[in-house]
There are 2 protein chains.
Amino acid sequence: MDSLGNTIRKLREDKELPLRTVAAFLDIDQAILSKIERGHRNPTREQVVKLAAYFKVKENDLLVAWLSDKLLYEVEDEDMALKALQVAEEKVKYITKNKKK
Amino acid sequence: MDSLGNTIRKLREDKELPLRTVAAFLDIDQAILSKIERGHRNPTREQVVKLAAYFKVKENDLLVAWLSDKLLYEVEDEDMALKALQVAEEKVKYITKNKKK
DNA sequence: TATAAATTTGACAAATTATGTCAAAACACA
DNA sequence: TGTGTTTTGACATAATTTGTCAAATTTATA
């Protein structure tokens with residue numbers, strides 16, 4: 001299970017691109033991209049979307065990795081992390097079901 | 001499935017306490033407690049802990065409700081909400097497993 | 001109904017967190 | 001060593017959270 005940062009780094013290194021180039025495309029300083037790849041920063045949603053387009057990978061896959069990372073960050077250090085995630089899941093299912101009607 | 005706000009409201013009304021009193025205990029303006037009970041604001045972790053003690057209910061139960069609410073807020077509007085929650089769950093399980101060693 | 005208590009609302013302020021820049025340090029390697 | 005790349009940390013700016021306050025609304029009751 002690769003982290004989002006790792007995935008991005010692999011994609012970039014496969015194309016042998018320096019941080020500078022990809023960062024310029026994202027319109028941010030390369031320092032941030034470095035931190036993102038190393039998992040010291042979370043990218044914004046918009047950055048993830050841009051990266052998916054740039055590397056031609058499924059946007060949804062990257063977004064799921066991104067969002068789950070954010071959730072992980074939210075529950076880290078909490079004993080009830082798993083329980084909370086499961087309850088949240090139930091709530092989402094409940095909400096989705098009622099929306100369909 | 002009661003929301004956290006609703007749970008708190010019920011606890012307060014059972015004791016026939018005005019917002020003012022509980023808010024004072026939490027050291028916040030009653031306006032905020034009103035919003036919390038109505039689900040227009042999320043309480044802080046500290047406030048939840050205080051409320052559990054105040055109403056003598058299991059801290060963990062309230063915290064799970066609180067944390068799952070935050071997660072829900074984080075994924076709302078996202079199509080991949082459920083998927084992201086499930087992936088996050090896997091990640092938590094993975095992390096927990098490796099911590100034990 | 002009148003009025004007092006309780007609650008809700010919205011405009012605004014303060015505090016916190018997220019996002020970014022920049023420059024210097026560390027690294028890779030011909 | 002010299003060049004290009006990456007990493008780090010101090011700092012600035014932007015966005016979001018958390019809170020106050022006062023007025024408006026609702027609820028209870030004399």
Side-chain angles (χ1 to χ4, degrees), chain A residues 2-52 54-55 62-63 65-78 84, chain B residues 2-52 54-55 62-63 65-78 84:
Chain A
D2 248 1
S3 69
L4 175 59
N6 234 282
T7 304
I8 296 169
R9 170 145 297 187
K10 278 184 183 169
L11 287 168
R12 181 175 63 80
E13 289 183 338
D14 277 355
K15 298 205 171 182
E16 295 185 14
L17 297 168
L19 286 170
R20 180 170 33 83
T21 306
V22 180
F25 174 77
L26 294 179
D27 197 27
I28 53 173
D29 194 280
Q30 62 176 22
I32 295 183
L33 185 54
S34 168
K35 284 165 188 167
I36 289 172
E37 288 186 351
R38 297 170 54 74
H40 294 170
R41 281 279 179 102
N42 269 324
T44 65
R45 191 185 198 285
E46 206 174 89
Q47 286 161 355
V48 174
V49 170
K50 278 189 182 178
L51 285 168
Y54 189 81
F55 290 120
L62 281 200
L63 282 176
W66 165 77
L67 190 51
S68 64
D69 268 4
K70 290 215 302 173
L71 295 176
L72 210 60
Y73 178 73
E74 193 90 27
V75 302
E76 78 182 353
D77 322 319
E78 294 282 6
Chain B
D2 248 1
S3 68
L4 174 59
N6 234 281
T7 303
I8 295 168
R9 170 144 298 187
K10 278 184 185 170
L11 288 168
R12 181 175 62 81
E13 291 184 338
D14 275 356
K15 300 205 171 182
E16 295 184 14
L17 297 167
L19 287 170
R20 181 170 30 84
T21 306
V22 180
F25 174 77
L26 295 179
D27 197 26
I28 54 174
D29 194 280
Q30 61 175 25
I32 295 182
L33 184 54
S34 167
K35 284 165 188 168
I36 288 172
E37 289 186 351
R38 296 168 56 73
H40 294 170
R41 281 279 180 101
N42 269 325
T44 66
R45 191 186 198 286
E46 207 174 89
Q47 286 161 356
V48 174
V49 170
K50 279 190 182 178
L51 286 169
Y54 189 80
F55 290 119
L62 280 200
L63 283 175
W66 165 77
L67 190 51
S68 63
D69 267 5
K70 289 216 303 175
L71 295 175
L72 210 60
Y73 178 74
E74 192 89 29
V75 302
E76 78 180 355
D77 323 319
E78 294 282 6

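What you see is a predicted model, and the numbers here were worked out from it, not measured in a lab. Both backbone and side-chain heavy atoms feed into the values below; hydrogens, waters and symmetry mates do not. In what follows, every chain begins at residue 1, and chains take the letters A, B, ... in the order their sequences are listed.
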If you round to the nearest 0.5 Å, how far is CG of A/L11 from CG of A/N6?
-> 10.5 Å
For the atom pair CZ (B/R9) and CG (B/L19), what is the distance rounded to the nearest 0.5 Å?
-> 6.0 Å
Residues at least two apart in sequence or cross-chain that pass salt bridge (Lys or Arg N to Asp or Glu O under 4.0 Å) with A/R45, listed by chain then number, are B/E78
Which nucleotide span of DNA chain D, 5' end to 3' end, has atoms closer than 4.0 Å to non-hydrogen atoms of chain B?
-> D/dT17 to D/dC21
Under the ring pair (Phe, Tyr, Trp, His ring centres under 6.0 Å) test, which residues partner A/F25, sequence neighbours left out?
-> A/Y54
Using modelled atom types only, decide if a donor and an acceptor are shared between the side chain of A/W66 and the backbone of A/P43 within a distance under 3.5 Å.
-> yes
Look at the side-chain N and O atoms of A/R45 and state whether any lies under 4.0 Å from the OP1 or OP2 oxygen of C/dT19.
-> no
A/R38 near the nucleic acid: base, sugar-phosphate alone, or nothing, with a heavy-atom cut-off under 4.0 Å?
-> sugar-phosphate
When the nearest nucleotide of DNA chain D is assigned to A/E13 and to B/Y73 on a heavy-atom basis, which residue is associated with the more 5' position?
-> A/E13
Got a second to check how far A/L4's CG is from A/K70's NZ, nearest 0.5 Å?
-> 12.0 Å
In this structure, CG of A/D69 is separated from CD of A/E74 (nearest 0.5 Å) by 12.5 Å
Can you tell me how far the OG atom of B/S3 sits from the CZ atom of B/R38, to the nearest 0.5 Å?
-> 11.0 Å
For A/S68 and B/A84, the nearest pair of non-hydrogen atoms, with its separation, is CB-O, 3.4 Å
Rounded distance in Å - CG (B/L17) to C1' (C/dA6) | 13 Å
Atom of B/L17, atom of B/R12 and distance for their closest heavy-atom approach = O-NH1, 2.7 Å
Between the first and last five pairs of the helix from C/dT1-D/dA30 to C/dA30-D/dT1, the angle of the axes, rounded to 10 degrees = 30°
Smallest separation among heavy atoms of A/L33 and A/I28, with atom names | N-CD1, 4.1 Å
Just the table, please: protein N/O against nucleotides 26-30 of chain C N/O, every pair under 3.5 Å.
none

Close approaches to DNA chain C from residues 24-37 of chain B, in residue order (heavy atom, under 4.0 Å) = B/Q30, B/A31, B/S34, B/K35
Around A/K15, counting heavy atoms of other residues, nucleotides and ligands shown, do more than 12 lie under 6.0 Å from its NZ?
-> yes
Find the distance between CD1 (A/I36) and CG (A/L51) and round it off to the nearest 0.5 Å.
-> 7.0 Å
Below 4.0 angstrom from OP1 or OP2 of C/dA6, is there any side-chain N or O of B/R20?
-> yes
